[in-house]
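Before any comments, here is the structure.
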Amino acid sequence: MGKIANKLVKKRLIYLTFLFILFTLCSGCVKSCKIRPDLEKIGDSALKNKENLMETNLKSGKVACNF
């Protein structure tokens, strides 16, 4: 391999090592996360689409985490 290829491999390894350390440290920080549907947005979408409830957006949610 040439010098440029070696530099690219080293940069990738450094980048992957940094990401691994970051995710390892941050994974212990999150104690409890709650994922709930956003009923307000779902209700608003249902009111806008009274005639055709098949178009109601049911994919709204809220995420709350304690760090």
Side-chain angles (χ1 to χ4, degrees):
M1 289 198 293
K3 291 181 181 181
I4 296 173
N6 284 336
K7 286 183 181 180
L8 289 175
V9 170
K10 287 181 184 179
K11 284 183 181 181
R12 287 182 187 162
L13 285 175
I14 291 171
Y15 181 71
L16 289 174
T17 305
F18 173 75
L19 287 178
F20 176 73
I21 292 170
L22 179 69
F23 286 125
T24 303
L25 293 175
C26 291
S27 65
C29 296
V30 178
K31 297 295 179 189
S32 60
C33 287
K34 297 178 183 177
I35 301 172
R36 298 180 182 161
D38 190 355
L39 299 176
E40 185 176 338
K41 285 185 181 179
I42 294 172
D44 290 342
S45 178
L47 289 175
K48 288 179 186 175
N49 299 314
K50 286 181 184 177
E51 290 82 23
N52 189 2
L53 290 177
M54 292 297 290
E55 295 179 3
T56 302
N57 183 12
L58 301 174
K59 298 178 182 176
S60 296
K62 292 182 181 179
V63 178
C65 296
N66 295 330
F67 293 99

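None of the values given here were measured: they were computed from a predicted structure.
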Shortest non-hydrogen pair, I42 vs P37, comes out as CD1-CB, 4.4 Å
So, taking the atom named NZ in K62 and the one named NZ in K41, what distance separates them when rounded to the nearest 0.5 Å? 8.5 Å
Can you pull the side chain to side chain donor-acceptor pair (under 3.5 Å) pairs that have at least one residue in residues 43-52, sequence neighbours excluded? N52-E55
